[in-house]
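Since the model is a prediction, treat every value here as computed from it, not as a measurement. Proteins get letters first, then strands, A, B, ... in listed order; numbering begins at 1 in each.
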Amino acid sequence: MLADSILEGLNPEQRRAVETTEGPLLVLAGAGSGKTRVLTSRIAYLIGVCGIPAESILGVTFTNKAAGEMRERVEKTLGPSAGGLWLSTFHSMCVRILRRDIGALERSRGFVIYDDADSLGICKQVLKRHGLDPRQYEPKRLRWRIDEWKNQGLLPADAASQAADIDDELSAELYGTYQRLLFDANALDFGDLLLQTVELFKRAPQVLDWYQRRWQYVLVDEYQDTNRVQYQLVRMLAASHGNLCVVGDPDQSVYAWRGADIRNILDFEEDYPNAKVIKLERNYRSTQPILSGATAVVENNLGRKKKNMFTEREGGELIHFFEAENEREEASFVVGRILHASRNEGRSLGEFAILYRTNSQSRAFEEELLKYDLPYVVVGGVRFYERAEIKDILCYLRLLVNPDDAQALSRIVNKPARGIGKTTLERVEALAAEREISLRAALGAFAREGAARRTAGKIREFLDLLQDLDRFAERPVDEIIAEVLERSGYMKALVAEDNPDAEVRIDNLRELVASAEDFHAVNTGSEGEERSELELYLDQVALISDLDSYEHKPQSVSLMTAHSAKGLEYGVVFLVGMEEGVFPHANSSYDEERLEEERRLCYVGMTRAMEQLFLTCARERRRFGSHSYQSPSRFLREVPEELMQVQHSPGRGQRSSRTRASRRTREDRLDRSYSQETHDEEGGIQRGTRVRHSVFGLGTIEGVSGEGVNQKLKIKFDRAGIKTVMVRYANLELA
DNA sequence: GACGCCGGGTTTTTT
DNA sequence: ACCCGGCGTC
């Protein structure tokens with residue numbers, strides 16, 4: 001009965017992938033082949049049909065979002081019997097393991113997780129301690145090198161023994177110092193979460209044994225994106241029983257730059273000799289021209305495992321191609337098509353996605369969407385938890401959990417300004433290094449011994465503040481944050497700034513408090529946890545990505561990089577910026593392997609489309625503030641001509657007939673309309689002014705930012721709430 | 001120690 | 001064009 005309902009609607013290959021429960025299994029799942037469905041059905045089958053307890057199953061994905069969706073779908077099929085199932089990302093799985101068992105490595109379970117910025121800060125410290133000039137040996141390069149080693153599963157000693165030249169030897173030594181500083185701060189960086197878990201399993205076999213017994217069935221999603229450490233981790237976990245199911249698509253491997261090793265999936269059959277292989281080649285997503293076009297592109301990669309993808313969605317529109325004069329025209333074309341299709345084809349805005357190679361490309365499209373008041377969501381870019389003000393407050397919180405957190409301490413020691421500046425901090429850091437004590441201890445010591453009376457007083461005040469805050473550590477997180485904002489004087493200092501920029505930051509902090517309230521509300525159920533709410537909160541924010549919080553809004557256009565779009569699908573996709581140097585990216589254009597990765601990324605982008613796919617490029621584009629002229633992407637030439645249909649600029653003649661002169665008039669016209677609009681608003685713009693917006697109605701100006709044509713207004717509308725609009729597009733009237 | 005100006009790098013993709 | 005860090009001035 002249950003078996004039937006789980007297997008119902010699966011094609012023979014999918015069904016086989018679900019029913020082959022024992023032993024190593026590789027599922028090669030092409031784009032749109034129902035991979036997630038297979039994974040969730042398989043889990044449901046293991047629990048509901050084979051009678052495997054949910055807690056014996058481990059499912060690993062790359063994003064929290066994917067894990068959450070999978071859990072949701074399994075629970076829908078099975079109800080409460082899915083409880084105890086472990087579905088998580090590699091990173092959060094490792095955090096949970098380490099929180100429980102890192103004691104076996106003689107480390108404290110109360111470690112904090114360092115993000116990229118913290119790691120970079122440590123790198124700077126390392127260079128300082130080795131007396132190296134950061135201009136000569138760049139902190140970023142060191143950070144990158146260390147990350148690379150960690151992705152390969154190498155500790156400082158391994159790195160040193162493999163060093164090929166003097167430069168590598170030095171770097172390996174710096175890596176050693178880096179690890180010591182992390183250790184002293186009781187911190188682990190992203191790479192450590194994986195690396196130290198492998199290390200734990202190596203050094204404490206009884207711990208590994210415990211997890212091997214616990215998880216009798218291991219599933220890994222997006223296996224083509226695993227790096228060497230993740231590979232080792234999976235191998236260790238599945239070693240005793242071999243019940244390992246990995247799902248992936250070599251054609252969608254786009255994270256080699258982050259250490260992903262495509263060999264992991266290509267060599268699976270060698271690594272696990274009795275492995276079974278199932279290919280899912282039937283595409284349920286895209287129409288024929290889209291699938292054929294995308295496949296034609298990726299077939300230009302050499303050394304690729306051949307797949308024969310097919311779709312039953314015969315017919316369908318050809319792939320549309322549009323070449324714009326510049327990025328403004330490109331954006332205007334895309335948004336024009338969205339307007340047209342949403343009005344005439346009855347599509348909701350949520351069915352459209354604009355995909356690009358780099359985050360910086362979002363801007364032109366955002367401005368154009370703003371112009372027509374079309375709601376949109378940008379995924380990625382500057383992440384919420386990385387904004388300066390948010391990080392500041394999180395650093396205060398981190399210090400409540402881990403007083404040794406040197407990065408957190410040095411970040412907030414003078415935020416808000418409290419008279420403990422750079423010079424003092426440098427002296428304290430030197431003292432900490434010299435006596436091998438924590439930064440916090442060094443602060444105290446400096447106040448007692450080295451500091452001028454004035455400075456000593458300020459340091460004491462600061463240390464008192466931290467101590468004062470400590471008593472809130474066990475309270476709900478939103479309350480702790482509120483206390484920090486209040487008692488540190490952080491909020492007061494921001495309010496005193498009294499400018500639109502500070503107001504945005506205040507809003508962000510309010511949002512932080514609100515999201516912490518949510519966390520508290522959701523989290524109150526899990527009482528039995530021995531870890532405090534604050535600790536759980538910090539773990540979560542450290543591992544959350546922008547993509548995780550991306551909710552598909554049915555009434556908003558989605559904007560994101562092709563990388564972020566992996567695993568998602570949309571009715572209409574615009575893959576924009578198809579120019580040499582942009583896509584493929586200039587940095588990847590001269591290396592065959594990297595170029596192939598760009599090509600796979602193009603394949604990923606194209607296969608996100610279900611019914612309509614638009615490829616666009618611009619002849620001219622502003623980059624780094626100056627003009628650049630690029631030829632159309634080579635990937636465009638790789639799409640068979642008969643699958644493409646050239647679009648022409650709306651309201652204008654054929655491309656060939658367009659002359660410089662006619663373009664000139666157009667630009668003149670645009671220029672005129674801008675200056676006119678700006679002129680209309682002159683003198684009327686300031687806080688408190690009442691204005692009327694054609695869509696949002698009456699509102700009060702709350703803030704002004706930007707200059708000239710880029711001037712933006714933050715307006716509190718009586719009915720529509722607070723919105724930021726660009727003056728030149730908003731069509732405002734004084735009310 | 002705070003503030004402001006200047007110069008250089010930046011935009012590759014992110015758990 | 002923008003952001004950040006470094007350096008000089010107050």
Side-chain angles (χ1 to χ4, degrees), chain A residues 60-67 88-95 113 115-117 119-121 124 133-135 138-140 144 147 150-151 189-194 221-222 225-227 229-230 253-260 355-364 379-383 385-386 388 413-414 416-427 451-452 454-455 458 501 542-548 560-566 577 581-589 591 594-595 597-598 600-602 604-605 621-628 706-710:
Chain A
V60 194
T61 64
F62 272 80
T63 64
N64 293 299
K65 190 183 162 61
S88 69
T89 63
F90 272 105
H91 293 267
S92 46
M93 170 184 84
C94 288
V95 170
I113 301 165
D115 69 10
D116 232 42
S119 304
L120 194 65
K124 287 176 188 167
D133 181 357
R135 268 167 307 194
E138 296 162 76
K140 268 192 176 166
W144 186 83
D147 203 46
K150 288 190 173 178
N151 285 333
D189 66 12
F190 272 148
D192 266 349
L193 294 177
L194 306 171
D221 191 12
E222 307 276 16
D225 288 332
T226 49
N227 62 30
V229 206
Q230 288 161 334
S253 157
V254 292
Y255 285 106
W257 54 273
R258 195 169 84 185
L355 308 182
Y356 33 76
R357 178 64 179 81
T358 65
N359 280 306
S360 62
Q361 287 168 257
S362 73
R363 198 166 156 160
V379 182
V382 188
R383 282 186 283 285
Y385 291 103
E386 278 170 22
V413 70
N414 205 29
R418 51 171 71 90
I420 309 173
K422 209 175 55 182
T423 316
T424 306
L425 184 61
E426 266 179 13
R427 287 201 199 164
R454 220 175 112 86
T455 311
K458 297 193 162 155
D501 187 60
L543 296 176
I544 207 157
S545 77
D546 201 68
L547 194 56
D548 293 330
M560 69 190 89
T561 62
H563 279 93
S564 295
K566 194 143 75 87
V582 178
F583 201 174
H585 195 273
N587 298 355
S588 307
S589 297
D591 179 296
R594 295 175 73 174
L595 194 59
E597 178 150 316
E598 296 281 319
R600 290 192 292 269
L601 184 60
C602 181
V604 168
R621 183 178 293 280
R622 282 185 87 84
R623 282 182 101 186
F624 307 124
S626 62
H627 298 270
S628 82
E707 291 291 328
V709 291
N710 283 321

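Contact of the A:Phe62 side chain with the A:Thr89 side chain is not registered, since no non-hydrogen atoms from C-beta on lie closer than 4.5 Å.
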*Taking protein heavy atoms under 4.0 Å as touching, what does nucleotides 5-10 of chain C look like 5' to 3' if B marks base contact, S marks sugar-phosphate-only contact and - marks none?*
--S---
*Heavy-atom protein contacts under 4.0 Å, nucleotides 10-15 of chain B, coded B base, S sugar-phosphate only, - none*: BBBBBB
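Using C1' as the reference atom, B:dT11 and C:dG6 are 23 Å apart when rounded to the nearest Å. Between B:dT13 and C:dC4, the two C1' atoms lie 22 Å apart (nearest whole Å).
Under the rule for a salt bridge (Lys or Arg N to Asp or Glu O under 4.0 Å), A:Arg418 has no partner lying at least two apart in sequence or in another chain. Residues passing the side chain to side chain donor-acceptor pair (under 3.5 Å) test with A:Ser88: none are found, sequence neighbours excluded. Under the side-chain contact (heavy atoms from CB on, under 4.5 Å) criterion, A:Asp192 pairs with A:Lys150, A:Gln179, A:Leu182, A:Leu188, A:Asp189, A:Leu195, A:Gln196, sequence neighbours left out. In this view, A:Glu138 satisfies the salt bridge (Lys or Arg N to Asp or Glu O under 4.0 Å) rule with no residue, not counting sequence neighbours.
A:Leu194 and A:Cys94 make their closest contact through CD2-SG, 3.6 Å (heavy atoms, listed as atom of the first residue, atom of the second, distance).
Residue-level contact check: A:Thr423 touches the backbone only, with heavy atoms under 4.0 Å from sugar-phosphate atoms and none from bases. Using a 4.0 Å heavy-atom distance criterion, A:Ala417 is classed as a sugar-phosphate-only contact.
From A:Leu193, atom CG reaches atom CZ of A:Phe90 across 13.0 Å, with rounding to the nearest 0.5 Å.
At least one donor-acceptor pair closer than 3.5 Å links the side chain of A:Tyr356 to the backbone N or O of A:Met560.
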